[in-house]
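Here the structure is laid out as structure tokens; the discussion comes afterwards.
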There are 2 protein chains.
Amino acid sequence: MGATKTAHFTGKQNSIATLAKALGHPARVAIVEYLIKVDACICGDIVNELPLAQPTVSQHLKELKNAGLIKGSIEGNAICYCIDERAIEKLQTYFGSISTKLTTRKNNCC
Amino acid sequence: MGATKTAHFTGKQNSIATLAKALGHPARVAIVEYLIKVDACICGDIVNELPLAQPTVSQHLKELKNAGLIKGSIEGNAICYCIDERAIEKLQTYFGSISTKLTTRKNNCC
DNA sequence: AATCTATATCGTAATATTGCAATATTAAAA
DNA sequence: TTTTAATATTGCAATATTACGATATAGATT
């Protein structure tokens, strides 16, 4: 054992878990925040922004990309990364709807 | 190596990462969704709702609790779990603010 | 007190993640 | 074409996560 039993959960649950997992590391949160802060696609720079070695950053970027949180396109010599808005929108919608459900609920026992 | 370098990131980045990580597993997403669906504190039941063995569920509950996503209080023989709204609110605020920044940005190159 | 019920903890195997040095790749620059 | 710059990949060690059987714990029921 040791592998997540994805097959037993719904597609949406797995999809949210995948996005959340990608943001489950401060370095990846920092990358996403940086991409938003500079308000542009970034070619280069990202490694210099983080307190981690280049291969480690490259790995984190790959994970963010696999999860669908960022997009990367080759721009000559460098690679241009930017946020994939659809992922952020998914998360925002998800937590927004949960939040709404919580504020309008009747039972508030704890 | 193998341990996350939390010390190199901001408190907020670590805090978001902790919450996201807790939701980075479909079973824990399912638990949170169930607690919201039943609109109440739940004593028992959770194990029966999930396709995982009791010790596994117990472990997932512990992680959600450590991350601050759920609260648990002893209710006689059983334990009563419910959502900690503050955590959901944090996530909602965070992704809401990111989403806003994305829609109002100028550069949209990708 | 003995038993039942609900949950936690321990121990452990399988697998995944984190981090980096070394190396590869690829395109621009000289 | 050699060199430089940016990024990816490989390989590996350290650590964390996932899952569950066995067992412990603690309150309720009999």
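The chains referred to below are lettered A, B, ... by the order of the sequence lines, with proteins before strands, and numbering in each begins at 1.
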Problem set entry | Nearest-angstrom distance from the residue atom CG of B:Asp45 to C1' of C:dA6 | 11 Å
Seminar exercise, completed: Contact check, residues 5-31 of chain A vs DNA chain C, heavy-atom distance under 4.0 Å, returns A:Lys21, A:His25, A:Arg28
Exercise. Among pairs that include at least one residue of residues 46-60 of chain A, which meet salt bridge (Lys or Arg N to Asp or Glu O under 4.0 Å), considering only residues two or more places apart or in two chains?
Worked result: none
Problem set entry | Short side-chain N/O contact to D:dA8 OP1/OP2 from A:Tyr81, under 4.0 Å | yes
Seminar exercise, completed: Value for CD1 (A:Ile83) from CD1 (A:Ile36), rounded to nearest 0.5 Å, stands at 4.0 Å
Exercise. Is there a side-chain contact between A:Thr4 and B:Pro26 (heavy atoms, below 4.5 Å)?
Worked result: yes
May I have the list of side-chain donor-acceptor pairs in residues 87-95 of chain B shorter than 3.5 Å, sequence neighbours left out?
unit_1, atom_1, unit_2, atom_2, d
B:Gln92, OE1, A:Ser99, OG, 3.1
B:Thr93, OG1, B:Glu89, O, 2.8
B:Tyr94, OH, A:Glu33, OE2, 2.6

What pairs of donor and acceptor atoms, side-chain ones from residues 57-65 of chain A against any protein atom, are under 3.5 angstrom apart with sequence neighbours left out?
unit_1, atom_1, unit_2, atom_2, d
A:His60, ND1, A:Arg28, NH1, 2.9
A:Glu63, OE1, A:Arg28, NH1, 2.9

Problem set entry | Stretch residues 49-65 of chain A: residues that reach within less than 4.0 Å of DNA chain C through a heavy atom | A:Leu52, A:Ala53, A:Pro55, A:Thr56, A:Gln59, A:His60, A:Glu63
For this session: Give a yes or no on whether the backbone of A:Gly96 and the side-chain of A:Thr100 come within a donor-acceptor separation of less than 3.5 Å.
Result: yes
Would you mind writing out the side-chain donor-acceptor pairs for residues 14-22 of chain A within the sub-3.5 Å range, not counting sequence neighbours?
unit_1, atom_1, unit_2, atom_2, d
A:Asn14, ND2, A:Thr6, O, 3.0
A:Asn14, ND2, A:Phe9, O, 3.4
A:Asn14, ND2, A:Thr10, O, 3.2
A:Thr18, OG1, A:Asn14, O, 2.8

Exercise. How close do A:Val29 and A:Leu23 get, heavy atom to heavy atom, and via which atoms?
Worked result: CG2-O, 3.3 Å
